[in-house]
Amino acid sequence: MKKITLKKSPLTLITSDESRFRIQYRDELNESQYEAAAHLEGPALVVAGAGTGKTRTLTYRVARLIEQGIRPESILLLTFTRKASREMLRRASLLLDERTERVSGGTFHSFANMILRQYAGEIGYSSSFTILDQGDSEDVINILRTRAGLATKKKRFPKKQTLQRMYSASVNTLTPLDLVIAKDFPQFSEQIDEIEQLAQAYVGYKRQNNVMDYDDLLVNLVTLLEKHEGIRTKLSDRYRHIMVDEYQDTNRLQARIVRQLAATHSNVMVVGDDSQSIYSFRGANFRNIMDFPKDFDGARVIKLEENYRSTQPILDFTNEIIRMAAEKYSKTLFTRKESGMTPALIAMEGENTQSRFIAQHILELREEGVPLKEIAVLFRAGYHSFDLEIELARSNIPYVKFGGLKLMETAHIKDLLAYLRIVENPKDIVSWTRVLLLCDGVGPVTAERVTNEIVAGLNPLHERADDRIRQLARGEEIPAMLAMLREIAGRGVAPGDKVERLLRYYTPVLKARYDDHPKRMKDLEMFQTIAERYSQLAIMLTDMALEPPNESVEDLLPEGHEDEYVTLSTIHSAKGLEWNSVFVMYLVDGRFPVSAAAEDMESMEEERRLFYVACTRAKQRLYLTYPTNIYDRATGTILSKPSRFLDGVEEQLLEGFVVEQED
C-alpha cells in the first residue's frame with residue numbers, strides 16, 4: 001500500500017483576490033505606494049523621496065504579503081535601527097493581526113548576530129562569543145599597541161581611536177588598509193607596515209579570545225554565506241521575501257549579504273532615496289542603490305513622489321537643488337499643500353548678527369503660535385552653533401543640541417558593563433583590565449600581570465584562585481570586588497538584581513572618581529531600569545552592543561528640564577526628522593559645502609545631498625542664513641559668497657533678504 005506523508009506546515013494558497021483581504025489597500029495608499037505594496041515576485045527598487053510615506057509603504061507591504069498567503073516566517077525586514085523595525089511591525093500588527101509578530105525583523109548587525117550564534121563553529125568561533133563595542137575595540141587595540149612597543153616610539157604613532165577608524169574604514173568599504181591610510185591618513189604613510197602588523201595582531205586577539213567587534217558581525221556573516229553553500233541555500237530558502245530599508249545607507253558588505261541571502265530567488269525589495277545618501281564617512285556606498293538594477297536583472301523601479309510633509313514652495317526649491325546633482329534617479333516631489341511661504345535666503349554682516357537674527361525670529365515664531373519643539377536650527381558641523389548657543393541662552397530660549405556623549409559611551413556606564421561582561425565571559429581581558437584599574441593601588445603593570453595569568457587559564461571567579469591573585473595584586477579593594485563578581489555570577493540571579501548588587505559596590509567607586517557623581521547617578525538609575533527589562537544577561541549585553549540606548553539623561557534634557565525647547569542639530573543627526581520651521585545656518589561657501597569637498601567630485605555631490613536633506617526637514621517655513629566677511633583661518637581667505645548650491649536658483653523659488661541693524 002502506498003503512503004501519503006502529511007506535512008507539518010500545510011502550504012497556504014497565495015492569492016491576489018483583494019476581496020478576500022481584510023485591508024483595502026487601494027483606498028489606503030496612493031498609486032505608487034500601492035504598486036510597491038502589491039509587488040510580489042522578483043526584485044524591486046522603491047525610490048522613496050523625502051516625506052513620501054516610505055514607512056507606511058513598507059508596513060502595508062508586510063501586511064499584504066501575509067494576506068496573500070506568504071508565511072510570515074519567510075519574510076525578512078532589515079532596517080538600520082531596531083526601533084524602525086519594531087515600529088513597522090507594530091503598525092503592521094495594528095493593520096492586520098498577530099501573524100506579523102512572526103516576521104523576522106531587525107538591523108543587519110542583529111540579524112548577523114542571530115545567524116552567527118547558530119553557525120559560529122563553521123568559522124572558528126564558539127556560539128558564546130562576546131561583542132566588543134567601539135570603545136572596547138579601541139582598548140584592545142591600545143593593549144596590543146603597548147605590547148608591541150609602538151606607544152613609546154620616538155616617531156608619532158596613531159592613537160587607538162585613529163587606528164580603530166582606519167581598520168573599520170578598511171573593512172566596511174572593502175578597501176586595502178594601505179589605500180585607506182594613503183587617502184585619509186597620509187601623515188602615517190611611513191608606518192603602514194607597523195599599522196598592518198598591528199591589524200593582524202588585532203584579528204588574532206579576537207579569535208583567540210572568542211570576541212567580535214561590530215564590523216566582524218558583517219564580515220563573518222559574509223564569510224559564512226560565501227564559503228558555505230549549504231548554509232547559504234538553507235537561509236535563502238528560509239527567507240523567501242527580503243525587504244531592506246534605507247538602502248542608500250548600506251555599505252558594500254551589507255549589499256553582499258543581501259545578494260547572498262537571495263541566492264535561490266530574487267524576491268528582494270530595497271527602499272531608499274539616492275538623494276539622501278549622506279553617510280559615506282561611515283562606509284555607506286552610494287553605488288549600492290544606483291547599481292541595484294544591474295545587480296538584480298529585471299528589477300522593477302517604483303518612484304514615490306507625493307510628499308506629505310512640506311508645502312509646494314519648499315518642494316519646488318528642493319526639487320531644483322537636487323535636479324542639479326550629477327547622478328540621480330530623476331523624480332519630482334509634489335504635494336496637495338500648494339500654498340505656503342517661499343523659502344528665504346537671508347544675508348547678514350557677521351556671525352553674531354546671524355545668531356541674533358535666529359534667536360529673535362524664533363521668539364517671533366513662538367508669538368505666532370509655533371511651539372519651540374516645532375523649530376529646529378540645522379548646521380553642517382557642530383562648532384557652527386557655538387555662537388548661537390550663547391545668544392539663545394542670553395535670550396532665555398531653552399534648547400537641546402544633538403550630538404553629545406551617548407549613554408553607553410560614558411565612562412561610568414562602561415565601568416558597569418565591564419563588570420557584567422566578566423560575569424558572562426571570565427576571559428574578557430579588556431574588561432578585567434578596566435575593573436582592575438578602578439581598584440586603588442592597582443596600576444597598568446599590576447593589571448597586566450593579572451590578565452596574563454587569566455590568558456594562561458586562571459579564573460579569578462573561582463575561590464581557589466584567591467591565593468594566586470593576592471600574590472599578583474595587593475590592592476585592598478580586590479577581594480571585595482571579586483566577592484561581588486562571584487555573587488552576581490549566580491545563574492539564578494536576574495540581570496536587574498545583578499545590577500542592583502553591582503551598584504552597591506560601585507557607588508563608592510563612582511563618588512571617589514567623579515566630581516559630578518550626582519549627575520552620573522541618574523545614568524546609573526536609567527541603566528538599572530533597562531536591566532530590569534531582561535531575563536538573561538547575555539541577551540542584555542548583546543543588545544547593549546548592537547543597539548545601545550541613545551542618550552545620557554544629562555544630554556537629553558535641556559537646562560531646567562523645560563517642556564519646550566528648540567532643537568539644534570547637525571544635519572546628519574536630523575535625517576528622518578521634521579519640524580514646522582527650519583533654519584539652515586552658516587550657508588556660506590567654504591563652510592557649506594566645506595572647502596575640502598572642492599577637491600573631490602563625489603564629496604561635493606554628497607555635500608549637495610546633505611543640503612537637500614536639511615531643507616526637506618521643513619514642513620511650513622524654511623530659512624537659509626549666511627553671514628558675510630567670515631575669516632577662514634585654514635585658507636587665510638574671507639568667506640562672503642552664499643553656498644554654490646544656490647547658484648542658478650531662480651528668484652521665484654528663493655526670496656532674498658538682507659538683515660540691517662536697527663538705529
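Source: prediction; values computed, not measured.
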Asks: Write out all pairs satisfying salt bridge (Lys or Arg N to Asp or Glu O under 4.0 Å) with one or both partners inside residues 415-430, taking only residues at least two apart or from two chains.
Replies: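 The answer is D133-R421, D136-R421, D415-R434.
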
Asks: Going by atom types alone, do N452 and R449 pair a side-chain donor with an acceptor below 3.5 Å?
Replies: no

Asks: Should the pair E122-K227 be classified as a salt bridge under the 4.0 Å nitrogen-to-oxygen rule?
Replies: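 Salt bridge: no.
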
Asks: With a 4.5 Å cut-off on side-chain heavy atoms, are Y279 and K575 touching?
Replies: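 Yes. Closest side-chain heavy atoms under 4.5 Å.
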
Asks: I'd like to know if K401 and E389 make a salt bridge, using a cut-off of under 4.0 Å between side-chain N and carboxylate O.
Replies: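 Answer for the salt bridge query: yes.
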
Asks: Does a salt bridge link D466 with R486, judged by any charged N lying under 4.0 Å from a carboxylate O?
Replies: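 Yes, D466 and R486 are salt-bridged.
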
Asks: Centres of the F379 and H384 rings: under 6.0 Å?
Replies: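 Between H384 and F379, which both carry aromatic rings, the centre distance is not below 6.0 Å.
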
Asks: Less than 4.5 Å apart, any side-chain heavy atom of L150 and any of I195?
Replies: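 Not touching, per the 4.5 Å side-chain cut-off.
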
Asks: Assess whether a salt bridge exists between K159 and E138, defined as any Lys/Arg side-chain N lying under 4.0 Å from an Asp/Glu carboxylate O.
Replies: no

Asks: With ring-ring contact (aromatic ring centres under 6.0 Å, His included) as the rule and sequence neighbours excluded, what pairs involving residues 418-442 come up?
Replies: Y419-Y505

Asks: On the six-membered ring of Y506, is R501 placed so that its NZ or CZ lies under 6.0 angstrom from the centre and within 45° of the ring axis?
Replies: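 Judged by the rule (NZ or CZ under 6.0 Å from the ring centre, within 45° of its axis), R501 is not positioned above Y506.
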
Asks: Within a 6.0 Å radius of atom CZ on R504, are there more than 12 heavy atoms belonging to other residues, nucleotides or ligands?
Replies: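 Atom CZ in R504 is packed in, count exceeds 12.
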
Asks: Quick check, are the ring centers of F281 and H572 under 6.0 angstrom apart?
Replies: yes

Asks: Does the side chain of L78 come within less than 4.5 Å of D245's, by heavy atoms?
Replies: no

Asks: For K206, give me all partners under side-chain hydrogen bond (donor to acceptor under 3.5 Å, both in side chains), at least two apart in sequence or on another chain.
Replies: D213, D216

Asks: Determine whether the side chains of E196 and Q200 contain a donor N or O and an acceptor N or O closer than 3.5 Å.
Replies: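 The criterion, which ignores hydrogens and geometry beyond distance, is not satisfied for Q200 and E196.
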
